[in-house]
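Worksheet for the structure shown next.
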Amino acid sequence: MQRRFLQFAFCVLSGVALTAGCAKARAATVPDGPPLAMPVPPPRVFAPVGQEEPLAAVPAVPETPTAEAPSVTPRRPPRRAAAPPDTEKPEPTPQPAQPAPEPQRELRAASTPADAEADKKVRALLLTASRNLGNVDYQKLSVAGREQYDQAKSFGEQAGEALTQRNYVFAETLADKAAKLATELLGSGAR
């Protein structure tokens with residue numbers, strides 16, 4: 001009897017545990033709050049433009065009148081029988097000459113004093129890298145050292161190209177990498 005009671009109690013407790021394990025917990029819902037307030041966009045600030053490069057004088061081109069709405073062509077009347085051929089054809093009126101298209105102009109941002117400072121900084125980094133690479137004996141370098149030397153030289157050349165294109169941020173990044181690599185090479189076993 002006691003055995004059956006234990007089996008019955010075990011079955012009931014197992015059933016309760018399984019039922020409780022299958023029940024889903026529900027998350028409490030949070031009510032939506034008030035809508036977010038969007039900030040007003042800031043006013044646009046335009047930096048004063050310094051001296052502008054003079055543009056080449058272009059002759060004034062008269063504007064051509066805009067084309068009017070296309071007219072509907074009237075229906076042609078049916079052809080008449082045998083019309084006498086015209087011996088003289090009217091001369092077509094010459095159309096006015098079309099103005100030559102304006103040559104493309106290169107658009108560049110106006111130079112600022114910050115550009116001059118960035119230019120000086122990049123040139124100083126390139127000079128440091130070049131000086132340090134000049135003090136390194138390429139023949140005495142290991143294979144990894146030679147790769148580093150070539151990479152520093154390549155960074156210096158790319159920085160020079162970026163400088164001529166007035167891409168100062170990219171030029172400074174490349175020149176800084178070249179200077180760091182050259183300094184590491186100089187410290188690791190140059191002359």
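Starting from 1, each residue takes its place in the sequence as its number.
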Any side-chain heavy-atom pair from Leu185 and Asn132 closer than 4.5 angstrom? no
Report yes if some heavy atom in the side chain of Asp150 is under 4.5 Å from a heavy atom in the side chain of Lys153; otherwise report no. no
Smallest separation among heavy atoms of [X] and [Y], with atom names:
X      : Y      : result
Ala152 : Ala178 : O-CB, 3.4 Å
Lys177 : Phe155 : CB-CD1, 3.7 Å
Ala159 : Ala175 : CB-N, 3.7 Å
Leu141 : Tyr149 : CD1-CB, 4.0 Å
Ala182 : Ala129 : CB-O, 3.6 Å

Could you go through Asp176 and Lys180, starting from their C-alpha distance and side-chain angles, then the distance that decides it, and tell me whether this counts as salt bridge (charged side-chain N to carboxylate O under 4.0 Å, His left out)? CA-CA 6 Å; Asp176 187 45; Lys180 285 181 181 178; 3.5 Å; yes
How many angstroms lie between [atom1] in [X] and [atom2] in [Y], if you round to the nearest 0.5 Å?
X      : Y      : atom1 : atom2 : answer
Arg131 : Leu133 : CZ    : CG    : 12.0 Å
Tyr168 : Lys121 : OH    : NZ    : 14.0 Å
Arg123 : Leu163 : CZ    : CG    : 4.5 Å
Met1   : Phe5   : CE    : CZ    : 9.5 Å
Asn167 : Glu161 : CG    : CD    : 11.5 Å

Exam field: side chain Ser130 to backbone Leu126, donor-acceptor pair closer than 3.5 Å: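 No, because the side chain of Ser130 does not come within donor-acceptor range (under 3.5 Å) of the backbone of Leu126.
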Sidechain-backbone polar pair: Arg146 side chain, Gln139 backbone, donor-acceptor under 3.5 Å: yes
Is Leu186 reachable from Leu127 through a run of I, L, V, M, F, W or Y residues, each pair having side-chain heavy atoms under 4.5 Å apart?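 Per the 4.5 Å side-chain linkage, Leu127 and Leu186 are not co-clustered.
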